[in-house]
Amino acid sequence: MTVSEEEDNKCDRVMARRFVIRQEAPVERHHLSIDYAKELNEQQYAAATAQGGPQLVVAGAGTGKTRTLVYRVAYLVETGAPPEQIVLLTFTRRAAAEMLSRASALLDGRCRRVRGGTFHSFCLGILRQHAGRLDYPNNFTILDASDSADVIDVIRSGLNLRLDRKRFPRKRTIQSIFSSVRNRDMSMEDFVEARYPQFLEFVEVFEQLGAGYERYKQDHGLMDYDDLLIKTLRLFSEHDDVRRSVATECRHVLVDEYQDTNRTQALLVERFSSVHGNVMVVGDDAQSIYRFRGADIRNILSFPEMFPGTQVLKLEHNYRSTQRILDLANLLISRARNKFDKRLFTERGLGETPVLVHATDSRFESRFVSQMILTLREEGVPLSEMAVLFRNGFNSYDLEVELNHRGIPFVKYGGLKLSEAAHIKDLLAYLKVVENPMDGVAWNRILQLLEGIGPKTAHQLISWIESASDRAFEIDESRFSPRYIEELKRMFAMLRYIRSADVPITEQVEVAVAYYEPVLRRVYYEDYPKRIQDLEHFVGLAEGFSDRAQLLSSMALDPIELTALDTETEVDDEPPLVLSTIHSAKGLEYRNVFLIRALDGVLPSSYSIGDADALDEELRLLYVAVTRAADQLFISYPSVQYRRSDGQYFTSPSRFLVDISEELLEPGSIVEESPDQTSDDRDETARAFRGLPSPSDSSS
DNA sequence: ACAAGCAGTTTTTTT
DNA sequence: AACTGCTTGT
């Protein structure tokens, strides 16, 4: 590690460093097993076979971005890059896995060893190796957003704030403020002033809380999502030898969805590629939809400045959608305040005009969607080639009931995650304290599940556990109240067993579940059967992991959708219909797309009204939804909705959709045939909906 | 002093 | 469904 030192001082401005890379000798085409020029269009070919150096690929929706990246990986491997030195950073684990399996299929598995994943998981791997350099134990545990909020809550109660009846923000809000500030290079004060002016008086308290939060994590071996990125960056700047050795192993860095990276991620990309200088980022400024989480559109716009010598490539030929869908998409995006001078074109033909369907209420909307889906399936469209999209996870509850009722199998992406359900969090907490006995949040959770232990006692017990870390999991009977001592002993016995060597991970989970089940029955006496089912699924899931640490980090970084489990167990041969938030549908395509709840206040979200930038992002979100559709797009909205406070109320359709000409977006209404007109009148499904009205029946 | 239970409020989007 | 604040019970 001393070798590096004399060079270090010369180049402390890492950002400006430029490396000249000798280009690899051009490879003649007949040596390659894939005919890239034939498989790709001219623009895609240029991107896939580009030589080293920084490359920015601006790719509109449906222009074969994924395909290009897949061929890029194959090309790099074929032309001699060691697969394990190619790093493919994507937005979700799912995306990485899909791309790598497609690339592997092209080259008989030779791409298997390509490293791929999210920024967070890639950084986790680096940190696990070098945590010691940051005074962290290498078995540090990861806090998800609600764990962080719990830590913040602990700090807050420790601070003994005198609030004189002023409303202090909820722990969740504070957590998101902290995260936003750290992801944005902004001062706490500026951010709070801009986003939460009502809390401006608390800025000092926030600063104090934030400092306490950082200290607590450091002292207890905990990292939150932001730490995974920020601490990696810090590791690199404080230990240049680490930066160099990591970057040496990153011969080619490929980044998907670059428009949704934040400042930290952009800096990480720069560090990763700081030895070889081969970095290709792919993105579409029109599809930037993660501003709320710190994504900075300037990353993609100023990429060429950050990486001098960047070659910019564009993909504009859309292969996904028919022209009428693109016409609508182009119109929508042209109304964004920041105009994007990109116009998608297709050779797929005109196709069907997108429809805007008005439903009287959400039940009608659900019935319309289910009925159309059944009709389309009868016409030969597989369920899995159709998707229902919506703004918020809970927008599909009505529809889910209807789909269950009709026996239509579905998976939902973007709803509640398995690891976010309270009972799974409880179970994971047992494993977490065993993995990291300093994890006070996890202790707090499981201690309060015992009868007779509330916040105060839990707090005392945790202080005792922390001070006795060497004798952790042993109990000295005399110190504890007889009210809960027996329960406590039972729990510690269970934890000691899980902790003992040579217990396979599945057995650890089984033991924890066996212990936890009676607790669950008591705490969730109202709805425990469903929760017990989830636990059983979870036991099965544990089999896929080699050890506890792996299971825990995977649960934090790659959460499993709660509903995905239900459908997995059904012995349905038919791949299910997809329900998804628009965010989770990013990068995917479907033949038929239903966008439901296209209401003002939902899409655009009521939170964005009054903020021009936020509204713009909602518009891009709509653009993303529209461009998922290949063949047909149905947008629908109910004109009456419920609200707990004032019952039913009238709604208005999304402001983005009201003034669009009927040429581009055809209005439709739902007609219910009276039951006696049909042969099978008792059957609900026999009532036909006419989703696509002929011009004559638009009388209502 | 602390735990537990009840009622009313509040929910974006995600690693 | 989860969180907060309030009341009651030990």
Side-chain angles (χ1 to χ4, degrees), chain A residues 89-96 117-124 142-146 148-150 153 165 167-173 176 179-180 183 223-230 257 260-262 264-265 288-295 389-395 397 413-417 419-423 425 447-460 481 483-484 522-527 530-531 553-559 561-562 580-586 597 601-609 614 617-618 620-622 624-625 643-645:
Chain A
L89 296 169
T90 57
F91 212 69
T92 61
R93 269 296 231 351
R94 204 154 43 112
T118 58
F119 276 90
H120 292 85
S121 68
F122 189 65
C123 287
L124 174 67
I142 300 169
L143 302 171
D144 68 18
S146 71
S148 317
D150 288 342
D153 209 39
R165 280 192 216 171
R167 234 187 298 146
F168 198 67
R170 333 173 108 218
K171 57 183 179 179
R172 221 32 217 267
T173 311
S176 86
S179 176
S180 301
N183 275 313
M223 290 210 197
D224 63 22
Y225 287 139
D226 302 324
D227 287 323
L228 294 176
L229 307 182
I230 292 169
E257 310 282 8
D260 284 321
T261 54
N262 62 30
T264 313
Q265 288 166 321
S288 165
I289 54 176
Y290 280 90
R291 199 184 71 111
F292 70 92
R293 175 179 127 172
L389 306 182
F390 32 86
R391 175 65 175 82
N392 306 310
F394 53 75
N395 293 149
Y397 288 167
Y413 295 109
L416 250 182
K417 302 289 186 292
S419 50
E420 280 164 2
H423 48 295
K425 296 210 79 163
L447 287 170
Q448 290 201 51
L449 287 171
L450 300 174
E451 265 187 307
I453 298 183
K456 214 75 190 190
T457 316
H459 187 76
Q460 286 163 15
S481 153
R483 219 169 64 241
Y484 49 77
R522 174 169 52 79
V523 179
Y524 302 100
Y525 55 91
E526 283 197 300
D527 63 343
K530 254 187 280 173
R531 296 179 190 259
S553 14
S554 172
M555 283 298 147
L557 293 183
D558 190 21
E561 313 282 339
L562 198 52
S580 176
T581 57
I582 301 173
H583 284 90
S584 293
K586 195 163 72 131
R597 293 299 153 91
V602 175
L603 179 62
S605 156
S606 50
Y607 290 81
S608 65
I609 288 167
E617 175 142 311
E618 299 286 316
R620 292 194 296 268
L621 200 51
L622 175 59
V624 169
R643 191 165 10 191
R644 242 186 290 282
S645 46

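What you are looking at is a predicted structure, and each value in this text was computed from that prediction instead of being measured. Lettering follows sequence order; numbering is per chain, from 1.
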Where each residue is assigned the nucleotide of DNA chain B containing its nearest heavy atom, which of A:Lys417 and A:Ser605 is assigned the position nearer the 5′ end?
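Per heavy-atom nearest nucleotide, the more 5' residue is A:Ser605.
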[X] side chain to [Y] backbone, donor-acceptor under 3.5 Å:
| X | Y | result |
| --- | --- | --- |
| A:Gln460 | A:Thr457 | no |
| A:Asn392 | A:Phe394 | no |
| A:Asp260 | A:Ile289 | yes |

Would you classify [X] as touching base, sugar-phosphate or nothing, given that sugar-phosphate means primed atoms plus P, OP1 and OP2, and contacts are heavy atoms under 4.0 Å?
| X | result |
| --- | --- |
| A:Ser584 | sugar-phosphate |
| A:Ala422 | sugar-phosphate |
| A:Ser606 | nothing |
| A:Tyr290 | sugar-phosphate |

Tell me: [atom1] of [X] to [atom2] of [N], nearest whole Å?
| X | N | atom1 | atom2 | result |
| --- | --- | --- | --- | --- |
| A:Arg94 | B:dT14 | CZ | P | 11 Å |
| A:Asp558 | B:dT14 | CG | C1' | 13 Å |
| A:Glu257 | B:dT14 | CD | C1' | 13 Å |
| A:Phe394 | B:dT12 | CZ | P | 7 Å |
| A:Leu228 | B:dT15 | CG | C1' | 9 Å |
| A:Tyr397 | B:dT11 | OH | C1' | 9 Å |
| A:Leu389 | B:dT13 | CG | C1' | 13 Å |
| A:Leu229 | B:dT14 | CG | P | 18 Å |

Under 4.0 Å protein heavy-atom contacts per nucleotide of nucleotides 1-8 of chain B, with B for base, S for backbone only and - for none:
-SSS----
Is the shortest distance from a Lys or Arg side-chain nitrogen in A:Lys425 or A:Asp144 to a carboxylate oxygen in the other one below 4.0 Å?
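Salt bridge between A:Lys425 and A:Asp144, a charged N being under 4.0 Å from a carboxylate O: yes.
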Between A:Thr581 and B:dT14, is there a contact of a side-chain N or O with OP1 or OP2 at under 4.0 Å?
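Yes, such a contact exists.
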Please determine, for the side chain of [X], which listed nucleotide ([options]) has the closest atom?
| X | options | answer |
| --- | --- | --- |
| A:Arg391 | B:dT13, B:dT10, B:dT15 | B:dT13 |
| A:Arg531 | C:dA2, B:dT15, B:dT13 | C:dA2 |
| A:Tyr607 | B:dT15, B:dT12, B:dT13 | B:dT12 |
| A:Arg170 | B:dT10, B:dT14, B:dT12 | B:dT10 |

Does the ring of A:Phe119 lie flat against the base of B:dT15, closer than 5.5 Å centre to centre with planes under 30°?
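Here the ring of A:Phe119 and the base of B:dT15 are not stacked, as the 5.5 Å and 30° limits are not both satisfied.
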For A:Ala458 versus A:Gln448, what's the shortest heavy-atom pair and its separation?
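Result for this residue pair: CB-CG, 3.9 Å.
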Minimum-distance pair of heavy atoms, taken over all atoms of A:Pro604 and A:Glu618
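Looks like CA-OE1, 3.5 Å.
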Under 3.5 Å, which N/O atoms of the protein pair with N/O atoms of nucleotides 8-10 of chain C?
none

Report the relative orientation of the aromatic rings in A:His583 and A:Tyr290; use parallel for angles under 30°, tilted for 30 to 60°, perpendicular for over 60°.
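Rings of A:His583 and A:Tyr290: perpendicular, over 60°.
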Report yes or no: do A:Ser608 and A:Ser605 form a side-chain donor-acceptor pair below 3.5 Å?
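No, A:Ser605 and A:Ser608 have no side-chain donor paired with an acceptor closer than 3.5 Å.
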Give a yes/no verdict on a cation-pi contact between A:Arg293 and A:Tyr225, requiring under 6.0 Å between NZ or CZ and the six-membered ring centre and an angle within 45° of the axis.
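Pair A:Arg293/A:Tyr225 does not count as cation-pi.
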Run the side-chain contact (heavy atoms from CB on, under 4.5 Å) test on A:Asp558 and A:Ser121 for me, step by step, so that the C-alpha distance in whole Å, both residues' side-chain angles and the decisive distance to 0.1 Å come before the verdict.
CA-CA 9 Å; A:Asp558 190 21; A:Ser121 68; over 6 Å; no
